[in-house]
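Here is the structure we will look at.
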Amino acid sequence: MSQIDAHYDHAIIGSGISGLLCAAYLAKKGKKVIVLEKNHQIGGCLQVFSRDKKIFDTGVHYVGSLGKGQPLRQLFDFIGIGDLLKYQRLDMDGFDRIYFEDEQIEYKFGQGWDNFISGLSKYFPEESENLVLLVEEINRIVSLFGPYHLKELEENSVTIEILSLSAYEVISSFITSERLIAVLWGNSILYAGNKAKTPFYVFALILNSYVEGSYRLIHGGSQISKYLSMIIHDNGGLVRKYAEVTSIEIKEGKVDKVIIDQNISVNVSTCIAAIHPACVIGLLPEYSLRPSYVSRVKELQNTPAFISVYFSLKENALPYFNYNTYILKNNDAAMHPDGHFDDNWPTNMMISTGCEEHDQQYANTINVLAYCDVKIFKKWESTFNTTAKHQERGQDYDQLKKELINKIAKKVASKISGFEDMYFAAYCSTPLTYRDFLNVPDGTGYGVEKDYNNALFTYISPKMKIPNMLMTGQNTDLHGVYGASISALLTLKHTSEGKLIFEEINEFLNN
């Protein structure tokens, strides 16, 4: 069995933003670090791809809390990439716009809570005072989650009672209008919002991050992974692509080696898995974890799968819009992540434009995100297709993708008049694409589904029973650039190097 090197202090499995942040921090601490990525491109959902000489983002449609003095930007400043990133702030008076097909009114979310309240009060003047009270409750809940303000989590601040609050029930306790309730859920595709399951803290933290400040990354999210990779390399670390971890060897109850492609051995002191917990279990020997833990992870429900459709637009055909549009069939569509494929599909979708420069005049690309039932791809579930390991799925699969693209295009045209004549090519990522490129079960969009009905059952700790193994990423906290970044901090807290990381960050910010 060949060796990459004699020994690494930390091996990180997976190169999503949480894994890269962990690696960058540990490398800057002088530790010998290796990041292992099975695909040809690092970054997980930060990846981009090129078609027709245009750049398409795969997962980062926009980012919250990235402005100067805002938490995500402060974290990026601390790690050393803040000043390198290029991004543009979305429309202050309507960064998200919620459109209902049964009403044909566009409701706007403003940035800044005062702007958010006043904007929605124009549509619902009778709910103005109720919106103020709801926002006060949102801010109260957000204040309890110290890590989202780059602070230590205070003891007993986040109780089981807080985690068990229903988003729908809390919102409905303040707001009387069913339409306004649906509007507030209007961008829920960002977190797979489900009336029957979504906790209020998930709704509050995610909405707060975008209301605080919404930004589109110029030329896509891959710049984040590029600069984090530079930090890792500049500090003696290694990011290795085409390195699929096929197993983890345990010796005397601890991780001893990580095995790549079944024949390359990496000796490690600590292993951090930045992949789905179910995939972590599949790498470990059966005896290494308690059967009850394995059973619990296998029983966890994942968030629904997605389809993404990418349109290449004709030159100067569509003016650039500096916001995101959500098209919803009705109130129920806002609160139920339904990917059932029928004549009404999709009932809930998001439209965003690609950003190539500041003050862009015309859109060159459009990305559409919609729920999609993975079951319609059951015929091809045994196939696997990535750039690293290419496998054709056949004409039937291509024909199904064309059908999905056409349905999406028709829905976009219901909002953007004449859209059918504005694009010249379209491409499609199915749940199988997400599954293969991101190593997630069933192409789940946001990993393990949080459920207020059983909050502790759906919580995955970054700390495992194996003493020198940790997990990080969207499954151990929230998803998205912001959530996965905070998850990295919570994971690093369990390392000897990072146990004082929040003190380090605040000392940096105060100097």
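It should be emphasised that the depicted structure is a prediction, and the values quoted were computed from it without experimental measurement. Along the sequence shown, residues carry numbers from 1.
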### Message
Name the residue from I460, N439, V448 that meets the side-chain contact (heavy atoms from CB on, under 4.5 Å) definition with H276.
### Response
V448
### Query
Tell me, which pairs form a ring-ring contact (aromatic ring centres under 6.0 Å, His included) where one or both residues lie in residues 466-511, sequence neighbours left out?
F78-F508, Y148-Y482, Y446-H479
### Message
With a 4.5 Å cut-off on side-chain heavy atoms, are L490 and T476 touching?
### Response
no
### Query
Hey, does T458 have a side-chain heavy atom less than 4.5 Å from the side chain of E449?
no
### Message
Can a donor-acceptor pair be found, under 3.5 Å and without considering hydrogens, that links the side chain of E37 to the backbone of N39?
### Response
yes
### Message
Testing the basics here: between N324 and S352, what is the closest heavy-atom pair and its distance to 0.1 Å?
### Response
OD1-CB, 3.3 Å
### Query
Taking NZ, NE, NH1 and NH2 as the nitrogens, is one of them in E299 or R296 under 4.0 Å from a carboxylate oxygen of the other?
no
#### Entry: Lys/Arg-Asp/Glu bridge criterion (N-O < 4.0 Å) met for K375, D442
no
### Check: Y452 and E169 side chains under 4.5 Å, non-hydrogen atoms
yes
## Note on the structure
Only one of Y215, F76, Y62 passes ring pair (Phe, Tyr, Trp, His ring centres under 6.0 Å) with Y87, and that residue is Y215
### Task
Only counting residues at least two apart or in another chain, list the ones meeting salt bridge (Lys or Arg N to Asp or Glu O under 4.0 Å) with R89.
none
### Task
Kindly assign one of parallel, tilted or perpendicular to the pair W185 and Y168, based on the angle between their ring planes and the thresholds 30° and 60°.
tilted
### Task
Only counting residues at least two apart or in another chain, list the ones meeting side chain to side chain contact (heavy atoms under 4.5 Å, CB included) with Y242.
H40, A388
### Message
Is there a side chain to side chain contact (heavy atoms under 4.5 Å, CB included) between V481 and L217? Walk through the geometry before answering.
### Response
CA-CA 11 Å; V481 173; L217 291 161; 5.6 Å; no
### Query
Would one find more than 12 heavy atoms of other residues, nucleotides or ligands at under 6.0 Å from atom NZ of K54?
yes
#### Entry: Basic-acidic side-chain contact under 4.0 Å: D477, K493
no
### Task
Begin from the C-alpha positions of V368 and I307 and carry the test side chain to side chain contact (heavy atoms under 4.5 Å, CB included) through to its verdict.
CA-CA 8 Å; V368 179; I307 183 174; over 6 Å; no
### Message
Quick check against the 3.5 Å criterion: does N235 have a side-chain atom that pairs as donor or acceptor with the backbone of I231?
### Response
yes
### Message
When you measure from the side chain of T444 to the backbone of T303, do you find a donor-acceptor pair of N or O atoms at a distance under 3.5 Å?
### Response
yes
### Task
Answer with yes or no whether the side chains of H390 and N385 bring together a donor and an acceptor at under 3.5 Å.
yes
### Message
Measuring from atom CG of L36 to atom OH of Y8, what distance do you get when rounded to the nearest 0.5 angstrom?
### Response
8.5 Å
### Summary
CG of L289 to CD1 of I281, rounded to nearest 0.5 Å, is 6.0 Å
### Message
Which residues pass the side chain to side chain contact (heavy atoms under 4.5 Å, CB included) test with I55, not counting sequence neighbours?
### Response
V48, S50
### Task
Assess whether side chain to side chain donor-acceptor pair (under 3.5 Å) is satisfied between E212 and S65, documenting all intermediate values.
CA-CA 6 Å; E212 185 172 54; S65 297; 2.5 Å; yes
### Query
Would you call N348 and P337 a side-chain contact if the rule is heavy atoms closer than 4.5 Å?
no
### Message
Using a 3.5 Å distance criterion without hydrogens, assess whether the side chain of Q223 forms a donor-acceptor pair with backbone atoms of I218.
### Response
yes
### Task
Side-chain contact test, heavy atoms from C-beta onward, threshold under 4.5 Å: evaluate it for T387 versus Q41 and give yes or no.
no
### Closest heavy-atom pair and its distance - K254, I466
CA-CG2, 4.1 Å
### Task
Measure the spacing between NE2 of H7 and NZ of K32 and express it to the nearest 0.5 Å.
8.5 Å
### Query
Between CG of L20 and OG of S15, what distance do you get to the nearest 0.5 Å?
5.5 Å
### Query
Shortest non-hydrogen contact from C22 to I272?
CB-CD1, 4.3 Å
### Message
In the structure I gave you, are the side-chain heavy atoms of I232 and V35 within less than 4.5 Å of one another anywhere?
### Response
yes
### Summary
salt bridge (Lys or Arg N to Asp or Glu O under 4.0 Å) filter on D338, not counting sequence neighbours, yields none
### Summary
When every non-hydrogen atom of A243 is compared with those of D261, the smallest separation belongs to CA-OD2, 4.5 Å
### Task
Could you go through the side chain to side chain donor-acceptor pair (under 3.5 Å) check for Y326 and S188 one step at a time?
CA-CA 9 Å; Y326 299 81; S188 64; over 6 Å; no
### Message
In this structure, is the centre-to-centre distance between the rings of F49 and F56 below 6.0 Å?
### Response
yes
### Query
Do the side chain of E497 and the main chain of K29 share a donor and acceptor less than 3.5 angstrom apart?
no
### Query
Can you list the steps and then say if T495 with Y25 is a side chain to side chain donor-acceptor pair (under 3.5 Å)?
CA-CA 11 Å; T495 65; Y25 174 84; over 6 Å; no
### Message
Which label fits W345 and F341: parallel for a plane angle under 30°, tilted from 30 to 60°, or perpendicular past 60°?
### Response
perpendicular
### N506 (side chain) donor-acceptor with L150 (main chain) under 3.5 angstrom
yes
### Query
Where the side chain of T491 meets the backbone of S487, is there a donor-acceptor pair that is under 3.5 Å apart?
yes
### Task
Using modelled atom types only, decide if a donor and an acceptor are shared between the side chain of S157 and the backbone of L144 within a distance under 3.5 Å.
yes
### Task
Check the pair K257 / K251 against side chain to side chain contact (heavy atoms under 4.5 Å, CB included), numbers first and verdict last.
CA-CA 9 Å; K257 294 181 176 69; K251 184 177 180 181; over 6 Å; no
### Task
Kindly write out the residues that satisfy salt bridge (Lys or Arg N to Asp or Glu O under 4.0 Å) with K379, not counting sequence neighbours, or none if the list is empty.
D396
### Task
Please check if any side-chain donor atom of T353 sits under 3.5 Å from a side-chain acceptor atom of R216, or the reverse.
yes
### Query
Do M469 and L284 come within less than 4.5 Å of each other through their side chains, counting heavy atoms only?
yes
### Task
Could you tell me whether the side chains of Y310 and D52 share a donor-acceptor contact shorter than 3.5 Å?
no
### Task
Say whether S214 and Q111, considering side chains only, have a donor N or O and an acceptor N or O under 3.5 Å apart.
no
### Task
Report the C-alpha distance between L492 and L26 in whole Å, list the side-chain angles of each, state the deciding distance to 0.1 Å, and finish with yes or no for side chain to side chain contact (heavy atoms under 4.5 Å, CB included).
CA-CA 9 Å; L492 288 166; L26 293 166; 3.9 Å; yes
#### Entry: Heavy-atom closest pair, residues C271 and V258
SG-CG2, 4.2 Å
### Query
Do K28 and E504 sit within salt-bridge range, that is, some charged N less than 4.0 Å from a carboxylate O?
no
### Task
Ignoring hydrogens and angles, tell me if any N or O in the side chain of N468 forms a donor-acceptor pair with the backbone of S269 under 3.5 Å.
yes
### Message
Has T386 got a side-chain atom pairing as donor or acceptor with F437's backbone, closer than 3.5 angstrom?
### Response
no
### Query
If every non-hydrogen atom of A426 is compared with every non-hydrogen atom of I405, which pair is closest and at what distance?
CB-CG2, 3.6 Å
#### Entry: Q301 and D451, any side-chain heavy atoms less than 4.5 Å apart
no
